[in-house]
Amino acid sequence: MLVKNSISLGVIRKMAKGKAKGPKGKKITLKVAKNSIKITFDGRRRLDLSKMGITTFPKCILKLADVDELDLSRNMLKKIPDSIEKFQNLRWLDLHSNQIEKLPETIGMLQNLSYLNVCNNKLTSKNLPVELSQLKNLRSLNLGLNQIDNIPTTLGALKELHEVGLFDNYLTAIPNSVAKLPKLKKLNVKRNPFPTPTDEELFVDTIKRIESLYLVDEKDLCHPCLKKCQDERDKLNKLKSRVPSSLRKPNFSSLMTPNSTAKENQAEWR
């Protein structure tokens, strides 16, 4: 009886150990990966391994490092290996909705990258590598829904950035080097614990304006649109000159300017 009981206890302990490890995750083979390559509407090769329950980066996909786009979103990845640098043709990298705690320094080697989405992970400020600033062709960067409390000023080196997502983090300030990027059209900073309007009121207002404004060069507007904007601007200037400074808080509900409110929907960032 004692022997039987000790064997049973050993089996139970092994089973409990197995359960503690959690789900193993789906194993991706080279064949599965090859079958997951899609051709985008503009002729690029996208390796789509999203929503596959992957827990570790599949080494086999390094043999497909010539793809233009890589989608590993909505999995259970905790780490992206240094070998990500092998994807030298990569222009589009989607890692959103995983459990990633740190980005590798080698991500800075992806010089052709124009789109990077690491939204909805577990990234902190100290685990954002300085090498992100080497992605000189990056146009869209989404760092929303993480645990970031400080944005590196070095991101100001990314002069091609058009869209930046920083929503749902722990930020209390945005560096001027980022807020004043020359080509920035959309800066989403919603739901961060910015200071209450006191001495910082002007700063917060600046962020709101940037978040909701699309900047358009005059040369990009058709002649009728340009004329309309110029006319409205002239009207505004005339009204400003007539109204005493103490009363200057006009509300121009019909003012036409090329602006748009930044959308919150995650799909808009993909």
Side-chain angles (χ1 to χ4, degrees), residues 24-40 42 44-148 151-152 154-155 157-158 160-166 169 266 269-270:
K24 208 174 178 184
K26 183 175 180 179
K27 185 177 180 181
I28 301 297
T29 63
L30 185 58
K31 184 179 179 181
V32 170
K34 283 181 177 178
N35 290 335
S36 299
I37 292 178
K38 301 173 182 177
I39 305 300
T40 63
D42 54 352
R44 292 181 180 177
R45 297 171 72 237
R46 177 184 296 179
L47 176 52
D48 187 355
L49 297 175
S50 61
K51 297 185 287 185
M52 286 196 171
I54 304 169
T55 54
T56 55
F57 189 89
K59 290 181 181 178
C60 66
I61 68 173
L62 294 175
K63 294 180 180 178
L64 304 172
D66 60 340
V67 294
D68 304 297
E69 302 182 356
L70 177 59
D71 189 350
L72 287 166
S73 65
R74 290 168 283 187
N75 282 296
M76 295 180 282
L77 294 170
K78 291 187 177 180
K79 185 180 177 183
I80 301 300
D82 292 338
S83 55
I84 193 71
E85 67 178 331
K86 303 289 184 186
F87 292 82
Q88 283 298 301
N89 292 339
L90 217 56
R91 288 177 168 78
W92 193 91
L93 178 58
D94 196 342
L95 301 171
H96 88 264
S97 304
N98 278 283
Q99 298 171 23
I100 300 168
E101 298 176 353
K102 185 179 180 180
L103 292 176
E105 295 174 0
T106 54
I107 200 166
M109 303 293 288
L110 304 178
Q111 292 296 299
N112 290 313
L113 203 64
S114 63
Y115 175 96
L116 175 60
N117 188 351
V118 287
C119 170
N120 194 21
N121 278 287
K122 296 183 178 180
L123 294 170
T124 60
S125 300
K126 67 178 181 179
N127 290 331
L128 290 178
V130 177
E131 287 75 12
L132 277 176
S133 62
Q134 296 173 13
L135 302 173
K136 303 298 184 185
N137 291 306
L138 201 64
R139 292 168 62 90
S140 179
L141 173 63
N142 192 355
L143 295 168
L145 282 164
N146 277 288
Q147 299 167 19
I148 301 167
I151 295 297
T154 50
L155 289 186
L158 303 177
E160 295 299 314
L161 272 178
H162 284 58
E163 299 179 350
V164 179
L166 298 171
N169 276 291
Q266 168 62 25
W269 287 94
R270 300 194 60 244

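Keep in mind that this is a model prediction, so the values were computed, not measured.
Counting only heavy atoms from C-beta outward, the side chains of Asn112 and Leu90 never approach each other to under 4.5 Å. The side-chain heavy atoms of Lys34 and Leu64, taken from C-beta on, include a pair separated by under 4.5 Å.
Atom OG of residue Ser114 and atom CG of residue Leu138 lie 7.0 Å apart, to the nearest 0.5 angstrom. Summarising the geometry, atom CG belonging to Leu110 is positioned 12.0 Å from atom CZ belonging to Arg91; distances are rounded to the nearest 0.5 Å. Distance NE2/His96 to CG/Asn120: 7.0 Å, rounded to 0.5 Å. Note that the NZ atom of Lys51 and the CG atom of Leu72 stand 13.5 Å from one another [nearest 0.5 Å]. One finds the CD1 atom of Ile28 at 7.0 Å from the SG atom of Cys60 (value rounded to the nearest 0.5 Å). In this structure, OH in Tyr115 is found 15.5 Å from NE2 in His162, a value given to the nearest 0.5 Å.
With Leu49 as reference, Ile61 is the one residue of Asp71, Ile37, Ile61 to meet the side chain to side chain contact (heavy atoms under 4.5 Å, CB included) rule.
Pro129 meets the side-chain contact (heavy atoms from CB on, under 4.5 Å) test with Leu103, Glu105, Ile107, Glu131, Leu132; sequence neighbours excluded. For Lys79, there are no salt bridge (charged side-chain N to carboxylate O under 4.0 Å, His left out) partners at least two apart in sequence or on another chain.
Remark: the backbone N or O of Asp94 is not paired with any side-chain donor or acceptor of Asn117 at under 3.5 angstrom. Remark: side-chain polar atoms of Lys136 are paired, donor with acceptor, to backbone N or O of Ser133 under 3.5 angstrom. Under a 3.5 Å cut-off, the side chain of Asn137 and the backbone N or O of Arg139 do not form any donor-acceptor pair. Looking at Asn35, its side chain never comes within 3.5 Å of a backbone N or O of Ala33 through a donor-acceptor pair. Side-chain N or O atoms of Asn142 include none that pairs as donor or acceptor with a backbone N or O of Val164 at under 3.5 Å. When atom types are taken as modelled, the side chain of Ser97 and the backbone of Arg74 share no donor-acceptor pair closer than 3.5 angstrom. In this structure a side-chain-to-backbone donor-acceptor pair under 3.5 Å is missing from Asp82 to Thr106. Side chain of Glu160 to main chain of Leu135: no donor-acceptor pair is present (N/O by atom type, distance under 3.5 Å, no hydrogens or angles). Side-chain atoms of Asn146 come within 3.5 Å of backbone atoms of Val118 as a donor-acceptor pair (strictly under, hydrogens ignored). Remark: side-chain polar atoms of Asn89 are paired, donor with acceptor, to backbone N or O of Asp66 under 3.5 angstrom.
Smallest separation of non-hydrogen atoms from Lys102 and Ile100: O-CG2, 3.4 Å. Across Met76 and Asn98, no two heavy atoms sit closer than the pair N-OD1, 3.3 Å. The shortest non-hydrogen separation linking Thr40 to Glu69 is CG2-OE1, 3.5 Å. In terms of heavy atoms, Lys63 sits closest to Leu30 at CD-CD2, 4.0 Å. When every heavy atom of Phe57 is checked against every heavy atom of Leu77, the shortest pair comes out as N-CD2, 3.5 Å. Scanning both residues, Asn75 and Gly53, for their nearest heavy atoms gives OD1-N, 3.0 Å.
For the pair Arg44 and Trp92, the NZ or CZ position fails the cation-pi test of under 6.0 Å to the six-membered ring centre and within 45 degrees of the ring normal.
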Original post:
Between Ser73 and Ser50, does a side chain to side chain contact (heavy atoms under 4.5 Å, CB included) hold up when you go through it step by step?
Top reply: CA-CA 5 Å; Ser73 65; Ser50 61; 3.5 Å; yes
Subject >> Worked check of side chain to side chain contact (heavy atoms under 4.5 Å, CB included) between Ile151 and Leu166 >> reply: CA-CA 9 Å; Ile151 295 297; Leu166 298 171; 3.5 Å; yes
Original post:
Should Leu141 and Leu161 be marked as a side chain to side chain contact (heavy atoms under 4.5 Å, CB included) after you check the CA-CA gap, both sets of side-chain angles, and the distance that decides it?
Top reply: CA-CA 8 Å; Leu141 173 63; Leu161 272 178; 3.9 Å; yes
Original post:
Leu70 and Phe87: side chain to side chain contact (heavy atoms under 4.5 Å, CB included), yes or no, with the steps?
Top reply: CA-CA 9 Å; Leu70 177 59; Phe87 292 82; 4.3 Å; yes
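Taking a cutoff of 4.0 Å between a charged side-chain nitrogen and a carboxylate oxygen, Arg45 and Asp68 do not qualify as a salt bridge.
For residues 121-130, every residue pair satisfying the side chain to side chain donor-acceptor pair (under 3.5 Å) rule, not counting sequence neighbours, is listed here: Thr124-Asn127, Ser125-Asp149.
Counting heavy atoms of neighbouring residues, nucleotides and ligands inside a 6.0 Å radius, atom CE of Met52 exceeds 12 of them.
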